[in-house]
Amino acid sequence: MSRYDPATLEPRWQQAWDEASLFRAERDETRPKYYVLEMFPYPSGRIHMGHVRNYTMGDVVARYKLARGFNVLHPMGWDAFGLPAENAAMERGGHPADWTYANIADMRAQMKPLGLSIDWSREFATCDPEYYALQQSLFLDFLDAGLVYRKPAVVNWDPVEMTVLANEQVIDGKGWRSGAPVERQERQQWAFRISDFAGELLDALEDMKDWPERVRLMQANWIGRSRGLEFGFETIGAPEGFGRLEVYSTRPDTLMGATFAAISPDHPLARALEGNPAIAAFCAEARRSGTSEEALEKADKTGIDTGIRVRHPLEPGRELPVWIANFILMDYGTGAIFGCPAHDQRDLDFSRKYGLEVIDCFVARKDGAPVENTAFVPPKSEPVLWLAGLGWPETATAEEAIAATIDRAEAEGWGRGVTRYRLRDWGISRQRYWGCPIPVIHCPTCGVVPEMKENLPVALPMDVTFDQPGNPLDRHPTWRNCTCPKCGGAALRETDTMDTFVDSSWYFARFTAPGAPTPTVAEDAEYWMNVDQYIGGIEHAILHLLYSRFFARAMHITGHLPEKSREPFAALFTQGMVTHEIYRTRDGRGRPVYHLPEEVETTEGGTRLRATGAPVEVIPSAKMSKSKKNVVDPVNIIERFGADTARWFVLSDSPPERDVEWTAAGAEAAFRHLGRVWMLCDRIAAMDHDAPGTGDDDLLRAMHRTIAEVTTHIDAFGFNAAIARLYAFTNVLARSEASQPVQRQAIMTLAQLMAPMTPHLSEDIWAHQGGEGLVAAAPWPVADPAMLETDTLVLPVQINGKRRGEIEVPRDLPSAEVEARALALDAVARHLEGRAPRKVIVVPGRIVNVVA
RNA sequence: GCCCAGGUGGCGGAAUUGGUAGACGCGCUGGCUUCAGGUGCCAGUGCCCUUACGGGCGUGGAGGUUCGAGUCCUCUCCUGGGCACCA
């Protein structure tokens with residue numbers, strides 16, 4: 001008897017699939033297509049268990065759909081632009097392109113042994129000049145269609161590195177590398193007009209039933225539609241040109257409680273006042289904090305009185321002070337608000353800090369007390385008792401009061417109702433080298449001029465260094481120099497590159513025609529689009545997916561995608577992370593020291609270091625991270641156990657949408673199980689073909705039930721539950737004494753049902769049992785409904801909702817008879833203690849409950 | 001701070017529309033095989049009381065709806081994720 005040896009078995013079958021071109025996707029209008037896509041990876045150089053899980057899930061879907069007769073498209077590529085390549089160049093020298101392509105080669109070599117059913121002929125990287133040239137042509141088409149413009153936007157500027165920093169690179173207001181205080185700076189930025197699509201992107205979510213509810217909710221909140229009042233305050237003492245101050249509020253019902261107005265430090269009025277050194281100093285300080293919403297919300301609320309005042313629109317005699325406040329965002333609304341401290345916690349904190357007045361507009365209907373240190377903010381649909389209403393009923397809800405205020409403002413002409421979105425336009429300019437150059441030219445005579453399509457790509461120069469601060473494109477001796485496409489005069493190239501989210505916003509469309517000279521090909525897009533199943537991490541729930549939805553619309557408007565592709569992802573699945581325990585000890589000074597899994601051992605006495613026997617603290621279920629040393633390298637796992645074990649384990653232990661904890665014991669158990677299945681196959685092959693067996697029918701019934709259950713679970717993405725059924729069936733088969741032909745049928749069906757998860761082992765079993773062709777190409781087994789029926793049922797019998805016994809009854813026994821048999825049970829008689837039951841509930845085919 | 005998700009045995013988790021809580025796996029315990037280098041097989045395993053029969057308690061906590069709640073409702077605690085230049 002030979003041993004289960006994945007190291008020899010797996011490469012053999014990968015070669016067989018290759019030779020059969022089994023996963024090569026060809027357009028074929030006579031067959032239904034199925035496009036399954038996993039979010040493509042960033043080429044960091046090493047695959048991790050998260051990749052294994054993500055791509056295994058996609059592979060299960062792809063292989064299953066292939067077996068169900070679909071023409072499957074399952075491609076792979078690389079999200080290859082981005083900061084890490086530049087950081088590597090800075091730290092180690094070399095060029096980002098070399099680093100990136102070497103990483104891609106390494107990662108591809110690590111992925112291939114997983115045996116994924118990928119059409120590798122369609123592979124590309126977003127940093128390929130062929131890809132970004134087409135992205136530049138899309139940009140020009142978008143520009144032409146009015147979907148792109150330039151606007152000033154606020155960025156994190158590191159004055160030492162002379163570069164713009166990502167939010168994650170700003171730590172406590174300082175640059176992560178330089179340690180220099182970061183400044184908020186306004187720069188001209190290219191932006192996509194995604195906010196023009198805000199309403200549409202929001203409304204369309206409604207129909208996207210095959211997206212997770214929470215992702216749709218997160219996107220809806222992100223887009224953030226609100227209805228409010230916009231109006232202008234008349235100002236007193238403001239500089240020339242600032243006669244009115246436009247404000248926006250979603251709570252105009254609290255206007256009578258307004259006690260101050262506040263503007264963003266980036267508001268034009270604030271800038272106009274910077275002649276005052278105190279104001280200039282305040283604004284400079286405010287701009288020093290990060291630009292993220294989180295940083296603004298968490299920062300202490302501070303402000304400065306400008307000395308300017310505004311007139312209350314309904315009580316012209318009342319004047320409100322105008323403050324500059326650090327928590328007002330220039331990007332939202334008009335960058336100016338009126339503050340009503342009684343009904344907004346931030347405004348209240350601010351008012352208490354600076355001694356501003358607090359006026360209650362309404363109080364709770366029961367025990368309504370004036371506001372002290374907690375703002376009164378009940379749900380808008382709740383009736384409240386109005387102290388400062390504007391003619392609406394004394395117990396109106398905020399919703400009613402808001403509508404009434406807007407109506408009145410419009411009737412009296414001092415304000416208007418406005419629907420606004422929280423969603424801002426998508427700023428795509430990055431002052432970085434390793435990205436897709438924005439194909440425009442700055443001409444001293446013609447201004448901003450698009451590059452001509454025949455000159456694309458605007459290619460990144462290779463002769464650059466990263467040893468000085470700033471963007472290498474800015475300081476390149478010749479790259480910027482060009483001629484203006486309009487007037488032919490000397491001009492300069494744009495040195496900003498595009499946000500890498502642009503690269504990933506259309507790669508799924510490019511996969512439908514990866515070699516074409518145009519971004520897409522109509523026939524291919526028409527046939528392959530949309531992505532039937534998209535799979536990726538929840539961390540992309542908002543940005544990547546929202547940008548892609550916008551991009552698909554923009555590509556439709558510019559003629560690159562069909563109408564149906566406005567929503568490019570028919571179904572979305574968000575998978576959880578792979579986690580692992582962290583092993584921690586403390587050094588002499590109490591600082592944490594982390595240990596690799598192989599450095600520790602767990603016995604009855606607890607977990608200890610192998611080397612010293614020192615006790616180790618175990619922290620469960622932590623995201624794998626190099627600094628915590630709790631990473632498991634898939635390459636090592638595949639070497640030791642084979643790809644099928646890795647695939648089986650990452651699917652088996654947790655529901656796909658949740659995190660899975662990698663454990664060495666679990667991986668070993670998976671390996672042992674696959675070995676058992678393999679030996680089972682061997683045993684069945686060696687059986688006497690003609691010897692009589694017992695229990696043929698039982699085994700066949702179990703087999704058909706397993707087919708039905710596994711199929712249902714795979715359809716519902718319940719891979720862990722499918723695997724549980726496969727375990728159970730394997731146990732049944734292992735104990736079966738059925739005849740050889742029936743056992744052979746059972747093991748071959750088992751191989752088929754396991755094939756999406758463990759494709760190599762399944763091929764081997766299939767071949768061993770004399771199956772025809774490749775199991776990967778065999779049609780999916782179908783359960784015989786007649787074999788799923790049973791003649792009798794076991795019904796639990798409850799007394800007052802507690803299970804006390806069970807009865808076995810014929811399937812179609814009438815309820816009255818079921819009731820009689822249940823009452824005849826000893827346990828029922830004992831609990832009734834001679835009394836008649838008050839009620840008996842019989843749920844046919846389910847349960848009997850006796851109410852005593 | 002705001003938004004979202006999740007809490008079920010020692011562990012990962014299972015459980016059509018509200019209908020036998022703990023499937024399946026890990027771990028652990030006992031036994032068999034004698035395999036000496038990660039073996040196989042059998043049995044048991046939520047907690048507590050009980051020799052047994054049987055009983056009580058159990059899905060983060062508190063209340064509620066129901067013949068019946070892991071599932072529905074209200075409040076609450078804890079953990080994880082996202083927050084626009086990380087990809």
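Every chain is numbered from 1 and lettered A, B, ... according to where its sequence line falls, protein lines coming before strand lines.
- At a cut-off of 3.5 angstrom, the base of B:C67 holds no donor-acceptor pair with the side chain of A:Arg838.
- Figure legend. B:A15 is base-paired to no nucleotide; pairs are counted as Watson-Crick or G-U wobble with both atom distances under 3.5 Å.
- In this structure B:G37 sits in no base pair that meets the Watson-Crick or G-U test at under 3.5 Å.
- Considering only side-chain atoms of A:Arg672, the nucleotide from B:C24, B:G27, B:A87 that sits closest is B:G27.
- In this structure, B:U20 makes no Watson-Crick or G-U wobble pair, since no nucleotide meets both defining distances under 3.5 angstrom.
- B:U29 and B:C78: their P atoms are spaced 37 Å apart (whole Å).
- Between A:Trp190 atom CH2 and B:C85 atom P there is a gap of 18 Å when expressed in whole angstrom units.
- Of the candidates B:A14, B:A5, B:C83, B:A14 carries the atom nearest the A:Asn720 side chain, counting heavy atoms from C-beta on.
- In this structure, CD1 of A:Ile841 is placed 13 Å from P of B:U66, rounded to the nearest angstrom.
- Put simply, A:Arg676 has a side-chain N or O that comes within less than 4.0 Å of OP1 or OP2 on B:G40.
- Going from the C1' atom of B:C35 to that of B:C28 covers 22 Å, rounded to whole Å.
- There is no side-chain donor-acceptor pair under 3.5 Å between A:Asn471 and A:Thr495.
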- Query: Taking it one step at a time, do A:Asn326 and A:Thr302 satisfy side-chain hydrogen bond (donor to acceptor under 3.5 Å, both in side chains)?
  - Reply: CA-CA 6 Å; A:Asn326 68 343; A:Thr302 59; 3.3 Å; yes
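- Of the possible polar contacts, one joining the A:Ser429 side chain to the A:Trp190 backbone as a donor-acceptor pair under 3.5 Å is found.
- Between A:Tyr42 and A:Ala724, the one whose closest nucleotide on RNA chain B sits nearer the 5' end is A:Ala724.
- A:Gln219 contributes no side-chain N or O that forms a donor-acceptor pair with the base of B:C3 under 3.5 Å.
- Using P as the reference atom, B:G7 and B:U59 are 14 Å apart when rounded to the nearest Å.
- Taking 3.5 Å as the limit, the base of B:C67 and the side chain of A:Asn849 contain a donor-acceptor pair of atoms between them.
- Inspection of the A:Gln575 and A:Arg658 side chains reveals no N or O donor paired with an N or O acceptor under 3.5 Å.
- Only the P atoms considered, B:G70 is 16 Å distant from B:U65, to the nearest whole Å.
- Of the candidate nucleotides B:G82, B:C67, B:C85, B:C67 has the atom nearest to the side chain of A:Val851.
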- Query: Does the pair A:Tyr131 and A:Trp506 meet the rule for a ring-ring contact (aromatic ring centres under 6.0 Å, His included), with working shown?
  - Reply: CA-CA 10 Å; A:Tyr131 184 80; A:Trp506 70 286; 4.4 Å; yes
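- Pair assignment for B:G58: none, as no Watson-Crick or G-U wobble contacts are both less than 3.5 Å.
- Taking 4.0 angstrom as the limit, A:Arg803 places none of its side-chain polar atoms (N or O) nearer than this to OP1 or OP2 of B:A21.
- For A:Tyr727, the side-chain atoms get nearest to B:C24 when compared with the rest of B:C57, B:A84, B:C24.
- Only the P atoms considered, B:G18 is 14 Å distant from B:A69, to the nearest whole Å.
- For A:Arg187, no side-chain nitrogen or oxygen approaches OP1 or OP2 of B:C85 to under 4.0 Å.
- Distance check on atom P: B:C85 versus B:G80 gives 26 Å, rounded to whole Å.
- For B:G25, the OP1/OP2 oxygens have a side-chain nitrogen or oxygen of A:Asn731 closer than 4.0 Å.
- You'll find that the side chain of A:Arg804 is closest to B:G55, out of B:G55, B:C42, B:A87.
- For B:G10 and B:C3, the P atoms lie 35 Å apart once the distance is rounded to whole Å.
- Nucleotide B:U66 forms no Watson-Crick or G-U wobble pair with any nucleotide shown, as no partner meets the under 3.5 Å limit on both distances.
- Counting only N and O atoms by type, the side chains of A:Trp426 and A:Asp499 include a donor and acceptor under 3.5 Å apart.
- Using C1' as the reference atom, B:G22 and B:C75 are 28 Å apart when rounded to the nearest Å.
- Residue A:Gly82 is in sugar-phosphate contact alone, with no base atom involved, counting any heavy-atom pair closer than 4.0 Å across all strands shown.
- Glycosidic conformation of B:G9 is syn; the angle stays within 90° of 0.
- Across all strands shown, B:G6 forms a Watson-Crick or G-U wobble pair, both distances under 3.5 Å, with B:C78.
- Checking B:A43 for Watson-Crick or G-U wobble geometry (two distances, each under 3.5 Å) identifies B:U29 as its partner.
- Summarising the base pairing, B:G1 is matched to B:C83 through a Watson-Crick or G-U wobble pair whose two defining distances lie under 3.5 Å.
- Between A:Tyr507 and A:Tyr534, the ring planes lie tilted relative to each other; the angle falls in the 30° to 60° range.
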